[in-house]
**Student:** 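Structure in structure tokens, see below.
Labels below follow one simple rule: chain letters A, B, ... track the order of the sequence lines, proteins then strands, and each chain is numbered from 1. Any value given below was found using the heavy atoms of this structure, including those in side chains, with hydrogens, waters and symmetry copies removed.
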Amino acid sequence: MGSRLTISTPNDYDLVRDVCSYGYFVLAPNHWDTKKHTLTRPLHLEEGPATAVITQTGKGKLRASFDRILSREEQAQARAQITRMLRLDEDESHSKQFHGVDPRWKKSGRARLFRSPTLFEDVIKTVTSCNVAWPSTVNMNKQMARHLGQKGCFPTAARVSRTRVGTLRGRCRVGYRDQRIVDLAKLFHKGEIDEAWLTDRSTDDDDVFTFLKSLPGIGPYAAGNIMMLLGRYSRLAIDTETVRHGKAALGLKGTDRQIIKKLEKHYEPFGEFKFKSYWFELWTFYEDYQGPSETWDREETATAFTAANF
DNA sequence: GGTAGACCTGGACGC
DNA sequence: GCGTCCAGGTCTACC
């Protein structure tokens, strides 16, 4: 029997709703159990990998059960990673502020977007989502966890920085992203990505955006997406899905360039929460087609979430 | 500052 | 079952 941690959450936290809120929850090594409503996730800790099964035990309370005993230090590390992943740092007042700006989500309570236990994983997952259909993103993450991750964990920056580009391409099927992924891992491993500066509220959004765009493999879309993952929601991450959403859900007309301008204008009133307003609109559209997100299974989304199905 | 073409994978489609 | 086409965001070279 392993360690069990009780984790306090904001009162409005809902594990089912708040985990199943962004596509990364179905990407390896995350496993969402669609029946038991638990999140299983292997974490890198000081003495090696440990897998957590996270369940909601009541209002404001989660339980994380591990497959081995954790030291005191490891318990603190696990808490920190789970807090980041589940966005437990965004308290009720943050949700209320968002719902004040965009009341459409007040009833459902949607306010948080699932992310990864580390910024490195978020950045690599973003790169694997660029210029590919969703099934390839699913596969790249699955293969990286399988071939490079210790006991099924997502690989660390140190491990990826030592990996040959041919291995990433051949085994993990990342294609031309191979060199960019290794270069990003080296930057993280050498400590050249200053996470404290990126998350500091006094750092300007424009400066963060400019810095992110200077990283290998990160363009305007990826930088906008990583800003969301850093908790900065003042920008959109515009890709072909955004344009499709503008046409299909908002009825916008014109060339892609014109539609993008109209989208920027459409989301302008949501100010600091633009990304959330956009994302929950898009998410609702996906749920209308595929059913509630808590019923989505990784393998099913890999086949169901193709452009042809939208 | 704007744009064309290359990059790689996997799904869709035609035969 | 095989071959071909296409979608997807970033990067480089060029105007």
**Student:** Can you list the steps and then say if A:T34 with A:D297 is a side-chain hydrogen bond (donor to acceptor under 3.5 Å, both in side chains)?
**Tutor:** CA-CA 7 Å; A:T34 58; A:D297 170 78; 5.6 Å; no
**Student:** Identify every side-chain donor-acceptor pair in residues 245-252 of chain A under 3.5 Å, counting partners at least two apart or on other chains, and give the distances.
**Tutor:**
residue, atom, partner, partner atom, Å
A:H245, NE2, A:Y267, OH, 3.4
A:H245, NE2, A:E281, OE1, 2.8

**Student:** Check the distance between B:dT9's P and A:N141's CG and give it to me in whole angstrom.
**Tutor:** 16 Å
**Student:** Name every residue in residues 159-175 of chain A that has at least one heavy atom under 4.0 Å from any atom of DNA chain B, in order of residue number, or write none if there are no such residues.
**Tutor:**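 Heavy-atom contacts with DNA chain B come from A:R169, A:R173, A:G175.
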**Student:** Verify side-chain hydrogen bond (donor to acceptor under 3.5 Å, both in side chains) between A:R159 and A:T163, making sure each step is shown before the conclusion.
**Tutor:** CA-CA 6 Å; A:R159 176 71 177 84; A:T163 302; 3.0 Å; yes
**Student:** Using whole Å, what does the distance between atom P of nucleotide B:dC8 and atom CG of A:D178 come to?
**Tutor:**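 Computing the A:D178:CG to B:dC8:P distance gives 8 Å.
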**Student:** For A:D256 and C:dA7, give me the distance from atom CG to atom C1', rounded to whole Å.
**Tutor:**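 Between C1' of C:dA7 and CG of A:D256: 13 Å.
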**Student:** For A:N139, answer base if it contacts any base atom (sugar-phosphate contacts may also be present), sugar-phosphate if it contacts only those atoms, and nothing otherwise; contact means non-hydrogen atoms under 4.0 Å.
**Tutor:** sugar-phosphate
**Student:** Mind checking whether A:W296 and A:W134 have ring centres under 6.0 Å apart?
**Tutor:**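 They do not qualify: ring centres at least 6.0 Å apart.
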**Student:** Return yes when atom CZ of A:R146 has more than 12 non-hydrogen atoms of other residues, nucleotides or ligands closer than 6.0 Å, and no otherwise.
**Tutor:** no
**Student:** With a cut-off of under 6.0 Å to the ring centre and 45° to the axis, is A:R115 in cation-pi contact with A:Y24?
**Tutor:** no
**Student:** So if I define the base as every atom that isn't primed, P, OP1 or OP2, how would nucleotides 9-15 of chain C read as a B/S/- string at a heavy-atom cutoff under 4.0 Å?
**Tutor:** BSS----
**Student:** Answer whether the closest heavy-atom distance between the side chains of A:F211 and A:L198 falls below 4.5 Å.
**Tutor:**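 Yes - at least one pair of side-chain heavy atoms lies under 4.5 Å apart.
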**Student:** Honestly curious: do A:I218 and A:L168 fall in one hydrophobic cluster under the side-chain, below-4.5 Å linking rule?
**Tutor:**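 The answer is yes; both residues are in one hydrophobic cluster.
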**Student:** Atom CH2 of A:W134 to atom C1' of C:dG8: distance rounded to whole Å?
**Tutor:**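 Going from A:W134 (CH2) to C:dG8 (C1'), I get 14 Å.
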